[in-house]
Structure formats: structure tokens, C-alpha cells
Amino acid sequence: MCGGKPIILLVDDKSENLFALEQLLGELEVDTLAALSGNEAITKTLEYEFALALIDVQMPDMDGFETLELLRKNRATKNLPVIFITATYQPDYSKVKGIERGAVDFLTKPIVPELLLGKIRVLLSLYEQQKQLSNTIKERDIALQHLEEYKEHLEELVETRTNELANVNAGLEEEISIRKDTETRLRASEERYRLLTENAIDCIWTMDVRMRFTYVSQAMELVTDFTPEECMGKPLSAFCDWIHFAKVARLALGTLHNPLEYPYLRIETQLRSKNGQSIPIEIAGKALLDSQGKVIGLQGSMKDITERVQSHRALLESENRFRTLFDSSPDMYVSFAPKDGRILLSNRTMMAHLGYAVEELRGREIFEFYADNEQDLFKLLQEEGRLIDKELKLKRKDNTYIDVNLNAEAIYNTNHQLVYYIATCRDISQRIRTEQKLTDQKKKIFEQMKNFSELNKEYQALNKNLINSNLKLKETNIQLEIAKKKAEESDRLKSAFLANMSHEIRTPMNAIIGFSNLLKDNTLTSKKTEHYVELINNSGQYLLKLINDIIDLSKLEARQLKISYCTCRLYEIFRNSYELFLHHEVYKSNEKVDLLLDVDEAQCTWNIVTDQIRFEQVLNNLINNALKFTKEGHVRIGYRVTKDESRSFLEVYVDDTGIGIPDEMKNVIFERFRQVKELDYHEGAGLGLCISKGIVELMGGTIWYESEPGKGSTFFFTIPLKINLYSEPVKTRNTNGQLNLANKTIFIAEDDKNSYEYLEDLLQETQVTIKHAHNGEELMELLEESIPDLILLDMNMPRKNGYDCLKEIKQKQIPVKIIAQTAYAMANDKEKYLNEGCHAYIAKPYERNEMIQKIEEVLQE
């Protein structure tokens with residue numbers, strides 16, 4: 001039903017609440033099942049396995065607490081994570097009651113979507129890890145059971161074999177002598193094969209059914225710089241991008257699951273070397289079978305085809321040189337038409353082996369030279385597009401025969417049209433004769449040792465399986481231990497993050513709601529009213545920064561964060577941040593800390609090319625962290641210029657005399673939701689350093705720190721330094737907020753009543769004429785009556801949204817200026833709306849001066 005996705009159980013007695021939750025969870029890779037009561041929820045847990053449950057507290061018949069108690073009594077749902085959701089105010093003891101019954105959290109409506117989705121993502125991550133751990137444990141138990149069965153079976157075989165050997169021991173002396181001689185030859189043959197494998201230019205490999213390397217020859221290091229030891233046990237996907245791995249896996253699965261239909265695997269793809277460089281390779285292989293003929297993996301070779309890829313075009317342009325190589329090859333080469341098999345081209349080796357001249361071969365059908373007119377090979381080539389290692393006899397001009405090994409493949413042009421087939425024939429007559437002699441000799445030996453050899457093979461196979469089972473068991477135990485540690489660390493981080501985010505959101509919300517209620521008091525003085533408004537605005541700005549941090553983190557993870565370069569004054573960047581924190585509460589609240597600006601006055605006039613907003617965001621994050629963790633001393637900010645072999649960098653530093661960073665935190669300090677002292681509360685969500693690292697790397701730089709616990713830390717980051725001597729930095733126009741629009745008309749398309757009233761009050765002093773459209777359809781009706789000077793267009797409206805209105809206005813060629821406004825400030829929104837005809841774009845929330853300046857700019861264009 002659910003396609004393998006995690007399932008979330010939604011329990012609420014109101015269908016509209018269930019619908020809202022389903023829509024909110026739509027952006028996650030999950031399925032949802034809804035229940036309108038506790039009884040229905042319990043019934044669904046008997047049919048499905050759920051990753052977590054969102055349960056409403058207030059429900060008839062059976063409330064959320066009673067539902068959770070029944071879930072905890074069921075073995076299948078004993079550990080199911082449950083989040084309580086209620087629209088009713090709940091005192092602390094009710095929340096404690098829910099937590100004591102096993103709920104992981106207790107949320108009060110209205111719910112912050114990003115907060116709920118963040119918690120669900122953490123719980124889903126834990127669910128996947130627990131599921132993998134459970135599967136691993138089951139596999140280990142099955143392996144142990146098989147191991148015990150193998151052991152018992154082996155003991156029986158050893159006892160039986162011992163009795164049989166005792167009965168025939170007297171007559172085996174001569175046979176043992178022959179066997180020893182045979183084993184000596186076999187060892188010599190195996191040693192030659194081992195030396196051939198280890199010294200081969202191509203990498204020889206074997207893999208298990210999960211495409212993990214079980215053997216890799218020394219040539220792997222020549223190709224990728226990875227040693228065979230570094231490859232053993234690792235999947236092929238660890239050494240290539242997912243797209244290239246998928247191409248190989250698609251063919252490999254056919255060979256693994258149906259080796260008769262897909263006996264051979266051959267594909268060109270790319271591997272990553274140890275230093276991250278992509279290396280084109282050719283992989284050839286076939287199914288690896290055990291003694292019972294069961295597929296246990298793949299075996300084959302891997303060839304570095306970098307030179308072939310690089311020289312492909314040169315080879316096409318060098319036909320004469322190719323012809324020389326073609327003719328001088330010791331193997332026979334021939335190309336022939338795909339329809340009737342008529343020979344198009346053959347090399348001199350082919351003519352020499354068969355005794356024909358060029359004119360005698362060209363135009364004749366290729367199967368005329370088969371010993372038994374084996375046209376089925378040609379049909380097979382037409383069906384599969386290639387033939388690999390086919391042995392057959394070719395007829396010479398003098399009617400004698402030659403044994404050859406045939407490899408043939410279809411050749412396509414750039415339009416994927418079949419042009420011709422090309423075949424390679426290698427003379428294996430001598431090898432066939434040698435193999436026949438060896439076969440006859442082995443046959444005599446094997447007939448004499450048949451019974452003994454069969455028992456020995458079975459014993460070796462069982463012993464090999466026992467060794468493999470032990471190795472798999474050890475590997476499983478190691479993976480279990482790693483998974484356990486990861487799960488424990490994830491659980492600890494989840495708890496710390498949930499507690500911190502709850503505090504970070506509720507604290508400013510408490511100030512906003514509290515002081516908003518106090519403003520209703522008519523007896524307040526104007527001074528107190530201004531103070532309360534300032535506190536509400538500061539709390540709102542803090543919440544906006546928290547939301548922006550979460551959005552920036554999401555953009556970084558989705559690779560949608562864009563860097564917008566412009567020319568700006570270097571000194572002004574540092575001066576802006578310095579003056580910002582001189583008036584910041586985090587600095588003013590501690591008189592024992594000095595904020596110092598250390599810049600070179602000679603460089604104050606430098607104009608650099610960078611993203612000023614993102615540059616200041618990283619710098620402000622580092623200054624804020626330094627002030628937050630410094631009780632006394634100083635925080636110093638500055639920069640210097642560094643160089644490497646090819647270019648210059650601006651190296652920025654923020655030095656403090658704070659608490660420092662312990663060594664155990666050095667590997668995680670730049671991870672999200674991490675802080676120096678995670679057990680102690682510090683203001684902030686723990687996202688600043690993670691976001692700063694992502695921004696710096698997008699700008700082509702690096703970020704690091706040096707620290708000594710108890711003495712302070714210095715954070716550094718670099719960006720490529722590009723000085724623009726011929727351009728002034730971009731200056732934004734200042735406005736005093738006074739704008740006279742007495743002769744202008746503005747249409748405001750806004751479905752939210754509060755947002756419209758804010759705009760109406762904001763524009764009141766401009767004396768502009770305003771018309772209100774509650775949705776997109778009303779806006780288009782107003783435009784049929786008259787055309788305004790400007791439209792303030794909300795992009796998210798019912799009936800017809802702003803984007804559809806833009807397309808219709810553009811299609812009808814209505815001459816009107818438009819400012820798009822939206823609360824969905826995603827990475828590509830601005831470009832999308834400007835391309836559809838907008839003259840400007842502004843993201844909610846915005847301040848009065850910001851909107852007035854945007855309107856003035858658009859009307860004066």
C-alpha cells in the first residue's frame with residue numbers, strides 16, 4: 001500500500017485537522033494513515049507498522065492519554081514515538097502526564113510547521129536506524145543458525161569420510177603418488193594464475209551478490225590509488241557516483257538473477273580515485289558460481305580506459321595509423337554488414353590465416369567460413385549486440401580448419417543506428433591441442449581418484465562456507481556496534497535540540513504575546529507604549545532570524561543557496577558589523593568585555609567583489625558567538641591578506657578571550673544544532689557555525705578555528721580576494737519615508753485582512769488612491785475596468801494565485817507596473833517572478849521604509 005515509505009499515524013476526531021496535517025507532511029518522503037478516534041487508531045496499528053504517531057489529546061470516547069496507554073501495552077507499538085497535539089491550553093501537569101506515559105513531545109496549536117517537520121525528520125531518522133539495526137540482528141541470528149547446521153553436517157561428513165578412508169587406505173599409495181604429482185601441477189598452475197592476476201595491467205576482481213568486493217588485484221591501486229586492502233568488503237558504490245553505479249548495477253542484477261539469459265557483463269563507466277578524480281574504466285565480468293552452480297557473486301576485470309577515451313577523437317581522425325595497427329595486429333579483425341553478414345573490411349592477419357586476398361574476402365558472407373555453417377551465431381549477435389568468448393572453427397582456402405576464439409560487437413553511429421559488426425578472432429589452435437592433451441591426462445587421473453576427489457571437494461566447500469560465515473558474523477557485530485553508537489548519539493542530539501528549539505521559539509513568542517496584551521491597557525504612558533513596541537519588535541526580529549537560519553540551512557542542504565556578487569567597500573563591511581554590536585544587547589549587557597576593530601587604514605578605500613550580505617552574515621555570526629561565550633577580556637575583529645601559488649585571499653579573524661573549545665568538540669563544532677557546552681543553556685539554535693561554513697565554502701573559501709580551553713578562541717575564514725579599482729560599491733537609495741502619490745492609483749491584491757490593513761495604513765500619508773482585490777479573480781476584474789499606476793501583488797491567493805495573474809497580465813499585454821510580495825522567500829522566486837513581468841520583488845515581513853522605497857523606485861523607472 002505504502003510503497004516502502006515510513007508511515008505516520010494521524011489521530012484526530014476532526015477530519016479538517018487530519019487534512020491539514022496530511023498537507024503539511026506532503027513535502028516529506030512518507031505515507032500517512034488517518035484515524036478519527038482512538039479505537040480506530042488501535043485497530044490500524046494491528047494492520048500496519050508505523051514510524052511515529054501524531055495524536056490529538058481532546059477526543060470523545062477515548063482521549064489521547066488513554067490511546068497512548070493502550071499502545072504501550074501492545075508489544076508491536078510499545079516503543080512507537082508519539083507526539084501529542086492539542087489546541088487547548090494545557091497546564092504543565094498535563095504535559096508531564098503525557099511525557100510520563102511515553103510521549104516524546106507535547107505541542108500546542110497553532111503549530112510552527114518548520115518545528116513540527118524538523119522533529120518528525122529527526123524521529124524518522126531514528127526509525128530508519130532502528131529498522132536497519134533490527135534487520136541486522138535478524139541476519140546475524142540466521143547466520144548463527146546456519147553456522148550451527150554447517151558445523152553438525154561437517155562433523156557427520158568428517159566421520160563418514162574417516163571410515164571410508166580407513167577402508168581404502170591400503171590401495172591408495174599409488175593413487176596418492178599420482179595425486180601428489182597432480183597437485184604439484186595444479187599448484188604450479190594456480191601460482192601462474194595468481195602471478196598473472198597480480199601482475200596483470202587490468203584489475204581482476206570478485207564481488208558478492210551485494211556488489212561488495214571480495215577480491216581485488218594489485219592493479220586496483222594503479223587505477224584508483226586505492227589499495228586492495230582499502231577496497232575489500234566495500235561496495236562498488238563507494239568508489240563511484242550514484243549515476244555511474246546505477247548503470248553498472250542495472251546490468252549486474254541481470255547477470256546475478258538470470259545468468260543464463262545475461263551471462264556476461266560489460267560496460268564503460270567512471271570511478272573516483274583516492275584524490276576524487278573521475279577515471280573512465282571498462283568493467284567486464286560474469287556470474288561467479290559455487291560448486292552447486294548457485295550464483296554467489298560476480299567476477300571479472302576492470303580496465304582503465306582513460307587513454308582510450310582521450311584518444312578516441314584522435315583515432316577517428318587518424319585513419320591511416322589505425323589501419324596500420326589494424327593490419328599489424330596478431331589477432332584477426334573483420335567487420336561485416338548487419339543485415340546479411342557480408343564482409344566489409346578485414347586485416348592482413350585475417351587474410352594470412354585463411355589464405356585469401358583482400359578482393360577474395362570483401363563482399364563474401366562471414367558464415368561461409370564457418371566449419372558447420374553456424375548461422376545461429378550471427379542470429380545471436382543480431383539479438384544481443386555482442387558475442388563474447390565464442391569458440392568455433394574457421395575454414396581456410398585450402399579446406400583445412402583453424403580453431404579461433406571469437407568476440408564480436410555491434411558498432412553504432414552518433415544517432416544510435418547500427419552501422420556494422422566488428423569481430424576479433426584469435427588463433428587458439430595450439431591452446432586447443434594443449435588443452436585436449438591436458439584433458440585426456442586429467443581424465444585418467446580423475447577416474448582413479450573420483451571418490452576421494454568428490455569427498456575432498458565437498459569438505460573444502462563446507463570449510464570455505466564456514467570461514468565466510470565467521471567473517472560475515474564478525475562484520476555484522478562491528479556494524480551493530482557502530483549502529484548502536486550512532487543511535488545513542490542521535491537520540492542525545494535530538495533531546496538537546498528539541499529542548500533548545502522549544503526555548504528559542506517560546507521565549508520571544510512569550511514576549512510578543514505578553515506585551516501585545518499589555519498594550520490593550522489605555523492607562524499606559526507613551527514612553528511605556530514605545531518601550532513595549534520596541535520589545536515586541538526585537539522579539540519578532542529574533543524569531544525572524546531563527547526562521548531565516550532554518551531556511552538558510554535547508555537551502556544549503558538542498559544546494560539552492562545562491563551567492564550574489566557585487567562591488568562593496570571592505571571597510572564599511574567591518575564598520576557596519578562593529579557598530580551593530582556596539583549597540584547590541586549581548587555586548588551592552590557585559591561591561592567587562594571590549595569590542596575592538598583592527599583594520600588597516602590604508603585599505604579602507606578598497607572596493608572588493610563579494611556577496612556583502614552573506615559576508616556580513618558570517619562575520620556577525622562569529623562576533624555574536626565570541627561575545628556570547630566571553631565573560632571578560634576582549635573580542636577583536638580584523639583581516640589580513642594571504643596568498644597561495646596562484647591567487648590572493650582575504651583572511652578574516654574574530655579573536656576572543658572566552659571559554660575556549662574543548663578538543664572533544666573539534667570534529668562537531670561546525671555541525672548543525674551543536675554548541676560548545678551542550679548540557680548548559682546558551683541562547684541560539686546551534687545553526688550559526690554550520691550555516692557560516694556552508695556560505696564560506698560556496699564563496700570559494702575555508703573556515704577553521706584555533707582554541708585553548710579557558711583562554712579563548714580565534715575563528716578564521718578566507719574568501720578569494722578580488723579588488724575592483726574601476727567601480728564604486730553599490731549604494732542603496734535612502735528615503736525619509738515621505739512620498740507624495742496624490743495623483744497615483746495602486747491596486748492591492750491581498751487575501752489576508754491583516755496584511756491589507758498594514759499596507760493601507762502604511763500608504764495613508766502618501767495620499768494615494770487604493771483599490772482592494774481579495775483574490776486573483778477580483779484583480780483581473782478590476783483591470784478590465786481601469787489600469788492603475790502600480791499593483792502590489794500577493795503571490796499566494798485563493799481562486800487564482802499571483803503567478804497565474806502574472807501570466808494572464810503578460811498574455812493580455814496590460815501596461816502596468818507590478819511589485820510581487822510573498823512570504824515564500826525561496827531561492828529562485830525573485831528570478832521567476834521578474835521573468836514573468838514583475839518590476840520588483842519584496843519578501844514578507846518588510847518594514848515601512850523598505851516598501852516606500854521599493855514603490856518609489858518602481859514608479860520612477
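Keep in mind that the numbers below use all heavy atoms, side chains included, and drop hydrogens, waters and symmetry copies.
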Could you check if a side-chain atom of Phe716 sits within less than 4.5 angstrom of a side-chain atom of Val654, using non-hydrogen atoms only?
no
Straight-line distance of Tyr571 OH to Asn607 CG, nearest 0.5 Å:
14.5 Å
Decide side-chain hydrogen bond (donor to acceptor under 3.5 Å, both in side chains) for Ser692 and Asn621; before the verdict, give the C-alpha distance in whole Å, the side-chain angles of both, and the deciding distance to 0.1 Å.
CA-CA 7 Å; Ser692 297; Asn621 280 340; 3.2 Å; yes
Over all heavy atoms of both residues, which pair between Thr657 and Gly633 is shortest? Give the atoms and the distance, please.
OG1-CA, 3.3 Å
Check: Val593 and Lys631 side chains under 4.5 Å, non-hydrogen atoms:
no
Going by the side chain to side chain contact (heavy atoms under 4.5 Å, CB included) test, name the single residue among Leu806, Ile748, Leu783 that passes it with Ile791.
Leu783
Do Ile819 and Tyr841 make a side-chain contact, defined as non-hydrogen atoms from C-beta onward lying under 4.5 Å apart?
no
Are side-chain heavy atoms of Leu28 and Ile120 found at a separation under 4.5 Å?
yes
With side chains defined as the heavy atoms from C-beta onward, is the minimum distance between Ile719 and Val652 less than 4.5 Å?
no
I want to check something: taking the side chain as every heavy atom from C-beta on, are Val599 and Ile637 in contact at a cut-off of under 4.5 Å?
no
Taking every heavy atom of Asp656 against every heavy atom of Ala626, the minimum-distance pair comes out as OD2-CB, 3.7 Å
For the ring pair Tyr639 and Phe574, is the centre-to-centre distance below 6.0 Å?
yes
Can you name the nearest heavy-atom pair linking Cys805 to Gly776, along with the distance?
SG-CA, 3.5 Å
Check ion pair Lys800-Glu808 (N to O, under 4.0 angstrom):
yes
Identify the heavy atoms of Tyr803 and Met795 that sit nearest to each other, and give their distance.
N-CE, 3.3 Å
Sorted by chain and number, sequence neighbours left out, side chain to side chain contact (heavy atoms under 4.5 Å, CB included) with Pro798 holds for Asp751, Asn775
Lys817/Glu857 ion pair, N-O < 4.0 Å:
no
Rounded to the nearest 0.5 Å, how far apart are CG of Leu54 and OG1 of Thr32?
10.0 Å
Does Leu597 form a side-chain contact (heavy atoms from CB on, under 4.5 Å) with Arg575? I'd like the steps, not just the answer.
CA-CA 8 Å; Leu597 179 60; Arg575 190 68 191 180; 3.9 Å; yes
Would you say Asn620's side chain and Glu616's backbone share a donor-acceptor pair under 3.5 angstrom?
yes
Nearest heavy-atom contact between Ala840 and Leu834 is N-CD2, 3.9 Å
Those residues that, when tested against His772, pass ring pair (Phe, Tyr, Trp, His ring centres under 6.0 Å) (two or more places apart):
Tyr756, His774
Rounded to the nearest 0.5 Å, what separates atom CG in Leu116 from atom CG in Asp105?
9.5 Å
Do you know the tightest heavy-atom contact between Leu18 and Leu10?
CD2-O, 3.6 Å
Stepwise, does the salt bridge (charged side-chain N to carboxylate O under 4.0 Å, His left out) test hold for Glu114 with Arg121?
CA-CA 10 Å; Glu114 292 80 4; Arg121 287 190 179 97; over 6 Å; no
Measure the CG-CD1 distance between Asp611 and Ile695 for me, rounded to the nearest 0.5 Å.
8.5 Å
Is any side-chain heavy atom of Thr769 closer than 4.5 Å to a side-chain heavy atom of Ile746?
no
Would you sort out whether Asn576 and Gln612 count as a side-chain contact (heavy atoms from CB on, under 4.5 Å), showing the intermediate values?
CA-CA 11 Å; Asn576 289 344; Gln612 182 172 352; 4.1 Å; yes
Within-4.5 Å side-chain heavy-atom neighbours: Leu596 and Val635
no
Centre-to-centre under 6.0 Å for Phe615 and Phe717, is that the case here?
yes
Separation between CG (Leu721) and OG1 (Thr610), nearest 0.5 Å, reads 9.5 Å
Lys/Arg-Asp/Glu bridge criterion (N-O < 4.0 Å) met for Lys771, Glu785:
no
For the CD atom of Glu778 and the CG atom of Leu782, what is their distance to the nearest 0.5 Å?
7.0 Å
Under the side-chain contact (heavy atoms from CB on, under 4.5 Å) criterion, do Asp789 and Val768 qualify, and how do the steps go?
CA-CA 10 Å; Asp789 297 284; Val768 70; over 6 Å; no
Quick one, Leu689 with Phe715, criterion side-chain contact (heavy atoms from CB on, under 4.5 Å). Give me CA distance, side-chain angles, the key distance, then yes/no.
CA-CA 10 Å; Leu689 287 179; Phe715 276 81; 3.9 Å; yes
Got a donor-acceptor contact below 3.5 angstrom from the Asp655 side chain to the Thr714 backbone?
no
Looking at Ile613, I'd like to know if its CD1 atom is crowded, meaning that more than 12 non-hydrogen atoms belonging to other residues, nucleotides or ligands lie closer than 6.0 Å.
no
Could you tell me how the ring of Phe670 sits relative to the ring of Tyr705: parallel (under 30°), tilted (30 to 60°) or perpendicular (over 60°)?
tilted
With sequence neighbours left out, what residues match Tyr587 under ring pair (Phe, Tyr, Trp, His ring centres under 6.0 Å)?
none
Donor-acceptor check, side chain of Asn801 to backbone of Met797, threshold 3.5 angstrom: yes or no?
no
